[in-house]
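Worksheet for the structure shown next.
Just the heavy atoms: all of them, side chains too, but no hydrogens, waters or symmetry mates, feed the values below. All residue numbers in this chain count up from 1 along the given sequence.
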Amino acid sequence: QVQLVESGGGLVQAGGSLRLSCAASGRTFSSYAISWFRQAPGKEREFVSAITWSGGDTNYADSVKGRFTISRDNSKNTVYLQMNALKPEETAVYYCAASTSFLRCRWAAGCDYWGQGTPVTVSS
């Protein structure tokens with residue numbers, strides 16, 4: 001069992017940066033791959049980025065490559081998403097999710113545990 005809590009969302013101007021955190025509880029956190037998703041109003045939840053349990057492999061949606069960076073600190077049970085050069089269309093609630101499968105949790109249905117989300121608003 002893993003409980004996830006996101007933080008770090010807020011209001012930022014276009015072109016600005018935010019760092020989201022996903023803090024996990026549970027002894028087996030380091031066994032889980034972690035993904036970030038986002039969901040804008042009226043839209044489906046979409047994959048943003050993922051990282052393996054060791055941090056040795058990462059994956060990004062094409063729309064965020066070169067601007068977002070995912071990382072993890074297993075000693076702190078935390079995964080981070082550094083978001084730079086944010087765009088207004090990236091306004092959404094951002095969620096982290098955990099799975100035993102790095103590949104499967106690039107689709108929302110393939111993730112096992114979810115946080116409650118943190119809202120990000122990018123103003124133009």
Hey, what do you get for [atom1] ([X]) to [atom2] ([Y]), rounding to the nearest 0.5 Å?
X     : Y     : atom1 : atom2 : value
Phe68 : Leu20 : CZ    : CG    : 8.0 Å
Arg38 : Thr91 : CZ    : OG1   : 9.5 Å
Leu81 : Thr69 : CG    : OG1   : 8.0 Å
Gln82 : Ser49 : CD    : OG    : 12.0 Å

Specify the closest pair of heavy atoms between [X] and [Y], including all atoms of both residues, with the distance to one decimal.
X      : Y      : result
Tyr32  : Gln1   : OH-N, 4.4 Å
Cys96  : Ile34  : CB-CG2, 4.3 Å
Ser101 : Ala33  : C-CB, 4.3 Å
Leu86  : Met83  : CD2-CB, 3.9 Å
Arg106 : Ala50  : CG-CB, 4.5 Å
Val5   : Gln116 : CA-OE1, 3.7 Å

* Can you tell me if CD on Gln3 sees more than 12 non-hydrogen neighbours from other groups inside 6.0 Å? ->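 Counting other residues, nucleotides and ligands, CD of Gln3 exceeds 12 neighbours.
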If you define the side chain from C-beta out and look only at heavy atoms, does anything of [X] sit under 4.5 Å from [Y]?
X     : Y      : answer
Val93 : Val120 : no
Ile70 : Tyr60  : yes
Asn59 : Phe102 : yes

* Positive for side-chain hydrogen bond (donor to acceptor under 3.5 Å, both in side chains) with Ser75, one of Thr78, Asp73, Asn77 ->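 Going through Thr78, Asp73, Asn77 one by one, the side-chain hydrogen bond (donor to acceptor under 3.5 Å, both in side chains) with Ser75 is satisfied by Asp73 alone.
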* Is the closest basic N to carboxylate O distance between Arg67 and Glu90 below 4.0 Å? ->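 Yes.
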* Asked: Do Phe37 and Phe47 have ring centres separated by under 6.0 Å?
  ->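 So the answer is yes for these two rings.
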* Asked: Sub-3.5 Å donor-acceptor pair from the side chain of Thr118 to the main-chain atoms of Tyr94, do we have one?
  -> no
* To do: Check step by step if side chain to side chain contact (heavy atoms under 4.5 Å, CB included) holds for Trp53 and Ser31.
  => CA-CA 5 Å; Trp53 67 270; Ser31 299; 5.6 Å; no
* Cation-pi geometry met for Arg45 and Trp114 (6.0 Å, 45°) -> yes
